[in-house]
Each structure stands twice: as structure tokens, then as C-alpha cells.
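The next block holds one structure in the form of C-alpha cells; read it before the comments.
Note that the structure is predicted; figures quoted are calculated from it, not measured. Residue numbers run from 1 in the order of the sequence given.
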Amino acid sequence: MREITWHFIPPASPHFGGLWESAVKSAKRHLLRVSKGVLLIFDETRTLLCQIEAALNSRPLSPRSLDPNDFDALTPGHFLIGGPLMLPPEPDPYRRTA
């Protein structure tokens, strides 16, 4: 039989959770800001949660190289699917600049 030691977070003590509780807080913040208290149907909720997941897993963790001209960053998405889940928007070649 394996010796398993369970470590639980005390009730009403999310500060014991550290990093994963911070991720839950970020997801809740995005969910509340986007939904603005509107009751969503199942498909809308699932779509919104997938978009929030993609946004959170596309946050940069560290630069991928030491080259200051390389703006590509390592994200959690690289560990999940090998690349970022969301890319920054590309500049519009037809937009005039002042």
C-alpha cells in the first residue's frame, strides 16, 4: 500500500492555494467582466470559458530568446499544444498612419 499524504486548503482560506488560486481569481474576473451579470445559456457559457482559457494560457511566461528584437514569448499554451493559443493581432497593411 502506498503512503499518500493529503494536503487540503482550509475552508475560506484561498490565500493558501497560491498560484492556482490566482488563476481561478483571474478566470472569475474575466467571466464577471464579460458577462456583466447576464444569465448565459450553456453554449454561450462554454464558448466564453474557452475564450477566457485561451486568453489566460496565452499570457507570456518568459522570452523565448535573448534577442531584444524577438518579441515571441513562452506561454502556457506552448506546453499544452506547442504554441500560443491566441496570437497578437497583425498590423493592417491598408491602414494609413499619420
Side-chain angles (χ1 to χ4, degrees):
M1 187 169 153
R2 295 183 182 177
E3 295 291 325
I4 298 174
T5 305
W6 296 94
H7 298 280
F8 294 101
I9 297 174
S13 301
H15 58 282
F16 280 49
L19 189 59
W20 62 85
E21 289 294 340
S22 175
V24 170
K25 178 181 175 184
S26 295
K28 283 182 176 180
R29 187 181 70 227
H30 289 302
L31 184 62
L32 291 174
R33 282 192 178 166
V34 173
S35 67
K36 297 179 183 166
V38 175
L39 186 61
L40 302 173
I41 61 173
F42 178 77
D43 289 333
E44 293 171 334
T45 305
R46 182 173 51 185
T47 300
L48 179 57
L49 288 174
C50 287
Q51 290 175 345
I52 290 171
E53 174 193 7
L56 293 177
N57 285 328
S58 294
R59 295 183 296 180
L61 297 174
S62 70
R64 289 189 67 181
S65 71
L66 297 175
D67 181 14
N69 295 322
D70 184 14
F71 296 111
D72 196 21
L74 183 67
T75 67
H78 285 89
F79 298 107
L80 297 171
I81 63 166
L85 299 173
M86 296 173 59
L87 295 175
E90 293 186 17
D92 185 4
Y94 302 108
R95 183 174 181 216
R96 289 193 218 179
T97 57

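Listed by chain and number, the hydrophobic cluster partners of Leu85 are Leu80, Ile81, where partners are ILVMFWY side chains within reach of under 4.5 Å, directly or through others. Grouped by direct or indirect side-chain proximity (heavy atoms under 4.5 Å, Ile/Leu/Val/Met/Phe/Trp/Tyr only), Leu61 sits with Leu74, Phe79.
Among residues two or more places apart in sequence or in another chain, the salt bridge (charged side-chain N to carboxylate O under 4.0 Å, His left out) test is passed with Arg64 by Asp72. For Ser58, the side-chain hydrogen bond (donor to acceptor under 3.5 Å, both in side chains) criterion is met by no residue, not counting sequence neighbours. Remark: Ala55 engages Met86 in a side chain to side chain contact (heavy atoms under 4.5 Å, CB included) (not counting sequence neighbours). The side chain to side chain contact (heavy atoms under 4.5 Å, CB included) test applied to Asn69 returns Asp67, not counting sequence neighbours.
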Which side-chain N or O atoms in residues 22-35 pair as donor and acceptor under 3.5 Å with protein atoms at least two apart or in another chain?
from, atom 1, to, atom 2, distance (Å)
Ser26, OG, Ser22, O, 3.2
Ser35, OG, Leu31, O, 2.8

Only pairs under 3.5 Å count here: list side-chain donor-acceptor contacts from residues 38-53, not counting sequence neighbours, and write none if there are none.
from, atom 1, to, atom 2, distance (Å)
Asp43, OD1, Arg46, NH2, 2.9
Glu44, OE1, Ile41, N, 3.1
Thr45, OG1, Ile41, O, 3.0
Thr47, OG1, Asp43, O, 2.9

